[in-house]
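Reading through the C-alpha cells given below for one structure.
In listed order, ligands and their atoms are each counted from 1.
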Amino acid sequence: MDTGPIVERVHAKYAGLGWIGKNTCLINQQLGSWIFLSVIVTSIPAEMFSATEAMLRPPPDRCGTCTRCLEACPTQAFTAPYQMDATRCIAYLTIEKRGTIPEGLRGGIGRHVFGCDICQDVCPWNRKAPVTSLPEFSPRPELVNPELLKLAKMTREEFRAMFRGSPIERTKYSGLRRNVAIAMGNSGDTSLVPVLEELAKDDDPVVAEHADWALKQLQHKALTSAEAP
Ligand code: SF4
Ligand code: SF4
C-alpha cells in the first residue's frame, strides 16, 4: 500500500479479497489486515476479463459496530470512520515526513521511532490471523526494540550498516534521530537528559530542535513529579 498512483486496497476489495475497514485497511475475513497487496499492470485489453461475482458484489463490511481502531489512534488521525488524515498518522510522521514534526502531534507519537500499527493491533480481525513462518518475514533480532540510547548515539556509518536493506533506511539518519529525540521526550525517563543535552547541540538543526523539545518534556515531568505529594 505504499505506491501513490494505485490505491491497491480498492482494487483488492473489488477483486473479492476483503472489505475496507474503518481503519482504512483492507481486511480479509481469514487473514486479517496483516497482508501484502500486489498489483500486475498489464496491456491486455480490459474486455479480456469478465466481471466476477466479487466485482459485482464485493465482500460485505464486517466492522459492524466496532470502533476500536478509531478510539485507539494516539494522534486522532481518523476524522471519521473510514477516513484518515494521513498527515496526522504516526507512520507518515515518522517515516515519510522530512524535517520538523508539528509540536501538537509529538506527544501522541509516544515511543514510536518508526511507524505505527495500533489501529491494526487492536482490530479483532487480526486476533486469530495466521502468522507466516517464511524466514524472509522474520524480524532481524538486532532490530527488535532497540534501545533509544543506542539509537541516539549511532553514527551515520553505524546507521547505514545496521539498517542496510531494511525499510528503516527510508526515514534516513536525520529522521530516525529526530524520532528518537521525540520518543525520549515522551519516555518520562529523566536519565536520558544528558544524551538529549548532547543532541540539542547537534549539527543537524532538526535533531537539535526536537531534542530541545524533548528536554522540556522531561524537565516538566521532573517538576511535576517533585510537586506531587
Ligand atoms: S497507524 Fe497509528 S497513528 Fe496511524 S492511523 Fe493507525 S493508530 Fe493512528
Ligand atoms: S478495529 Fe473494528 S472498526 Fe476498526 S477496522 Fe477493525 S473491525 Fe473495523
Side-chain angles (χ1 to χ4, degrees), residues 1-4 7-37 54 57-131 137 139 143-146 148 166-171 175-176 178-187 210 213-214 217:
M1 298 194 205
D2 289 335
T3 58
V7 185
E8 292 92 341
R9 60 204 152 105
V10 175
H11 292 266
K13 171 182 166 177
Y14 289 100
L17 298 183
W19 74 98
I20 297 175
K22 291 177 192 170
N23 62 4
T24 71
C25 295
L26 183 93
I27 305 175
N28 176 279
Q29 202 176 343
Q30 280 78 41
L31 302 175
S33 63
W34 301 113
I35 47 179
F36 288 99
L37 299 175
R57 269 191 307 121
D61 183 330
R62 297 184 192 274
C63 282
T65 56
C66 177
T67 51
R68 285 180 190 206
C69 52
L70 311 179
E71 286 148 18
C73 176
T75 49
Q76 290 82 47
F78 294 106
T79 49
Y82 310 99
Q83 281 178 33
M84 196 237 286
D85 175 356
T87 64
R88 295 185 67 87
C89 174
I90 296 169
Y92 163 76
L93 293 169
T94 58
I95 302 175
E96 312 297 346
K97 173 124 180 52
R98 301 279 167 260
T100 302
I101 290 180
E103 271 199 46
L105 295 174
R106 293 180 195 176
I109 291 175
R111 295 187 56 156
H112 290 87
V113 293
F114 187 84
C116 167
D117 279 324
I118 289 176
C119 54
Q120 296 188 79
D121 288 335
V122 299
C123 180
W125 289 99
N126 283 332
R127 213 179 287 148
K128 292 184 184 163
V131 177
F137 291 99
L143 301 188
V144 177
N145 283 331
L148 291 177
S166 129
I168 294 173
E169 280 183 322
R170 276 163 60 189
T171 194
L176 186 72
R178 170 201 64 186
N179 299 345
V180 167
I182 293 176
M184 285 182 160
N186 289 331
S187 70
H210 287 73
W213 174 86
Q217 308 312 302

Passes side-chain contact (heavy atoms from CB on, under 4.5 Å), Leu70 versus Tyr82? Steps please.
CA-CA 9 Å; Leu70 311 179; Tyr82 310 99; over 6 Å; no

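- Nearest-heavy-atom check against atom 6 (Fe) of ligand 2 across Ser33, Cys123, Pro124, Cys66 picks out Cys123.
- Interatomic distance, CG of Leu37 versus CZ of Arg9, reported as 10.0 Å (0.5 Å rounding).
- Atom 8 (Fe) of ligand 2 has its closest protein heavy atom at Cys63 SG, 2.3 Å.
- At least one donor-acceptor pair closer than 3.5 Å links the side chain of Asn179 to the backbone N or O of Thr94.
- Set against the non-hydrogen atoms of Asn23, the atoms of ligand 2 under 4.0 Å away are 5 (S).
- In terms of modelled atom types and a separation under 3.5 Å, the side chain of Arg106 and the main chain of Ile101 share a donor-acceptor contact.
- Under the rule for a side-chain hydrogen bond (donor to acceptor under 3.5 Å, both in side chains), Glu169 has no partner lying at least two apart in sequence or in another chain.
- For Ile27, the heavy-atom gap to ligand 2 drops under 4.0 angstrom.
- Counting atoms of ligand 2 from 1 in the listed order, those under 4.0 Å from a heavy atom of Cys69 are 1 (S), 3 (S), 4 (Fe), 5 (S).
- Not a single heavy atom of Tyr92 sits closer than 4.0 Å to an atom of ligand 1.
- No donor-acceptor pair closer than 3.5 Å links the side chain of Trp125 to the backbone N or O of Gly21.
- Ligand-side atoms of ligand 2 in range of Trp125: 7 (S), range being under 4.0 angstrom from any heavy atom.
- Atom 2 (Fe) of ligand 1 has Cys116 SG as its protein N, O or S neighbours under 2.8 Å.
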